[in-house]
There are 2 protein chains.
Amino acid sequence: MTSLTQIPVTNQLLAQLPADERDVFMAACDTVELAFGEVLVEPAGQITHVYFPLDGFISLIAILVDDNRLEVAMAGREGMMGISLVLGVDEAPLSALVQGAGSALRMEAARFQLLLLSSPVLHQRLKRYLYVMMNQLARSSACNHFHQVEARLARWLLMTQDRAGSDRLQLTHEFLAMMLGVRRAGITLAAIALQARGLIHYHRGEITVLDRPGLIEASCGCYTADRALYAKVLAPS
Amino acid sequence: MTSLTQIPVTNQLLAQLPADERDVFMAACDTVELAFGEVLVEPAGQITHVYFPLDGFISLIAILVDDNRLEVAMAGREGMMGISLVLGVDEAPLSALVQGAGSALRMEAARFQLLLLSSPVLHQRLKRYLYVMMNQLARSSACNHFHQVEARLARWLLMTQDRAGSDRLQLTHEFLAMMLGVRRAGITLAAIALQARGLIHYHRGEITVLDRPGLIEASCGCYTADRALYAKVLAPS
DNA sequence: TGCCGTCGGCACGCTAGCGTACATAACTCG
DNA sequence: CGAGTTATGTACGCTAGCGTGCCGACGGCA
């Protein structure tokens, strides 16, 4: 637990709350560091805390009964982890893996559910976030099915860059392969192609985004569509 | 055209409500017939009504900006259409296509949102339904990515049979291809394989399920997983 | 009875991505 | 510096599914 004063509240779900609601809410949070690779919750496990990332970010991963796994969503400073509690269910549907180290605001689950009752603006905002997530899940479903690895990789890098807030991403091909549900060798080929086009540069576990507009063009429209929906539904009112 | 059993004309989201809540709710509904092929709402369109299917059922289809489309969920008598309103958003995220003709209870959107405020049990139940849907979306995402057409077809037939309440399904290969996001020829091959194993029989637009346990075995575990989650989260309390 | 639209079987070459395996290169740490 | 570990490049044959097109069979309807 560290002091709140160090880090500005950059979580976009909390940033625009009315001052009174936000103060009460923040006072009930503590700030924690998320370590890369940390597993915050396993599927069917109990959600003990909610997390509002500040500069860390989290991959939400579906695990099938045959143990195939695929990243289905990401939660960074635009979102939160533990959204199921808004629906009154404290069982985690997905695995949550810290993908970018950094800080997050954390609150105990029971306290969160209580506070929600007296925070109408936050509550409404989280419901809208849930709506966006459902859409993104649906879109990802089709995207993963139809689009090629290179375009999906481009999309994924853009999503990660947004949440990392940096053009340098700590990512190995191996890790990317897990996220996209493809072979490591498949990522290597796609990465080579993106690098040859001057869109990224990478070297031993670090990928640098060189040409963001170019990367957007190389990605499928799903990246832009997701962003547009988020902006529309969660615009500051 | 008959089923093995008489269909109970009840929607499972409404069936177990306390009598007072249910009576109020039902009184505000009217019963409508859903015609096969009818499009209840287009993505980005406004949700004007919610539907609680009785023996009809609806496919929810994601449409990408490049016009690829894929069924991502189904709503039959176990569910509803228009769930976004529970989140306070009256814009449809997905296309809703009537896939099985039949009846449904319908209510105007504004009235639904009002009634929700005075129906705590229904409200809680619908939030739980939303939780199940999110899970199913996530699972489908991975399923569509990893599993083969034959297994996915088996899963899809089982899901459809549950909602149709009959072992005879009106389905062409063409239609199935659209739902699963594959070629018509791909469905033909998968259907031939399932028929050769004695699990189904089909003939010009009608598929009969012959061996349900066998079909479950031929499907990926995703069918069973979805059912188990629904049963757990939406069990009669 | 014959016509025609719909439905399903099948075949062709093609491509993306698979599973696997091995080689090199770059860092880490003793 | 040298040994071990990690990250990436690449190659092989293989498979599922693609896009397309054609054909026959069925069945509704005149």
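Bear in mind the structure is a predicted one, so any value in this text is a computation, not a measurement. Sequence lines set the chain letters: A, B, ... in the order given, protein chains first and strands last, and positions in each chain run from 1.
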Inset, instruction - Scan residues 164-176 of chain A for pairs that pass side chain to side chain donor-acceptor pair (under 3.5 Å), counting only residues two or more places apart or in two chains. - result: A/R168-A/E206, A/Q170-A/E206, A/H173-A/T188
Legend entry - Side-chain heavy atoms of B/R139 within contact of B/C220, under 4.5 Å: no
Inset, instruction - Identify, residue by residue, the members of residues 190-212 of chain B with a heavy atom below 4.0 Å from DNA chain D, and return them in order of residue number, or none. - result: B/H203, B/R204
Legend entry - Where protein sits on nucleotides 12-21 of chain C, one letter per nucleotide: B base, S sugar-phosphate only, - none, heavy atoms under 4.0 Å: ----SSBBBB
Legend entry - Whole angstrom value for the distance that separates C1' of D/dT8 from CG of A/L176: 12 Å
Inset, instruction - Go through the steps to decide whether B/N68 and A/H145 satisfy the test side-chain hydrogen bond (donor to acceptor under 3.5 Å, both in side chains), and finish with yes or no. - result: CA-CA 10 Å; B/N68 272 309; A/H145 184 69; over 6 Å; no
Legend entry - For DNA chain D, the residues among residues 58-73 of chain B that have a non-hydrogen atom under 4.0 Å from it: none
Inset, instruction - Give a yes or no answer on whether the side chain of B/N11 reaches the backbone of B/E78 with a donor-acceptor pair at less than 3.5 Å. - result: no
Inset, instruction - Please lay out, stage by stage, how B/R197 and B/E150 fare under the test salt bridge (Lys or Arg N to Asp or Glu O under 4.0 Å). - result: CA-CA 12 Å; B/R197 292 163 68 181; B/E150 189 175 327; 2.8 Å; yes
Legend entry - Expected output: side-chain B/R106 to main-chain B/H49 donor-acceptor under 3.5 Å: no
Inset, instruction - Provide, to the nearest angstrom, the distance between the CE atom belonging to A/M178 and the P atom belonging to D/dA7. - result: 13 Å
Inset, instruction - Could you pull out all residues at least two apart from B/R183 that satisfy salt bridge (charged side-chain N to carboxylate O under 4.0 Å, His left out)? - result: none
Inset, instruction - Determine, step by step, whether B/L94 and B/I61 satisfy the side chain to side chain contact (heavy atoms under 4.5 Å, CB included) criterion, reporting the C-alpha distance in whole Å, the side-chain angles of both residues, the deciding distance to 0.1 Å, and the verdict. - result: CA-CA 6 Å; B/L94 303 167; B/I61 298 166; 6.0 Å; no
Legend entry - Between C/dT6 (C1') and B/Q170 (CD): distance, integer Å: 15 Å
Legend entry - Ring geometry between A/F36 and A/F175 (parallel below 30°, tilted from 30 to 60°, perpendicular above 60°): tilted
Inset, instruction - Would you list the pairs meeting side chain to side chain donor-acceptor pair (under 3.5 Å) in which at least one residue belongs to residues 39-48 of chain A, sequence neighbours left out? - result: A/Q46-A/D90
Legend entry - Protein-nucleotide distance (A/L189, atom CG; D/dT8, atom P), rounded to Å: 13 Å
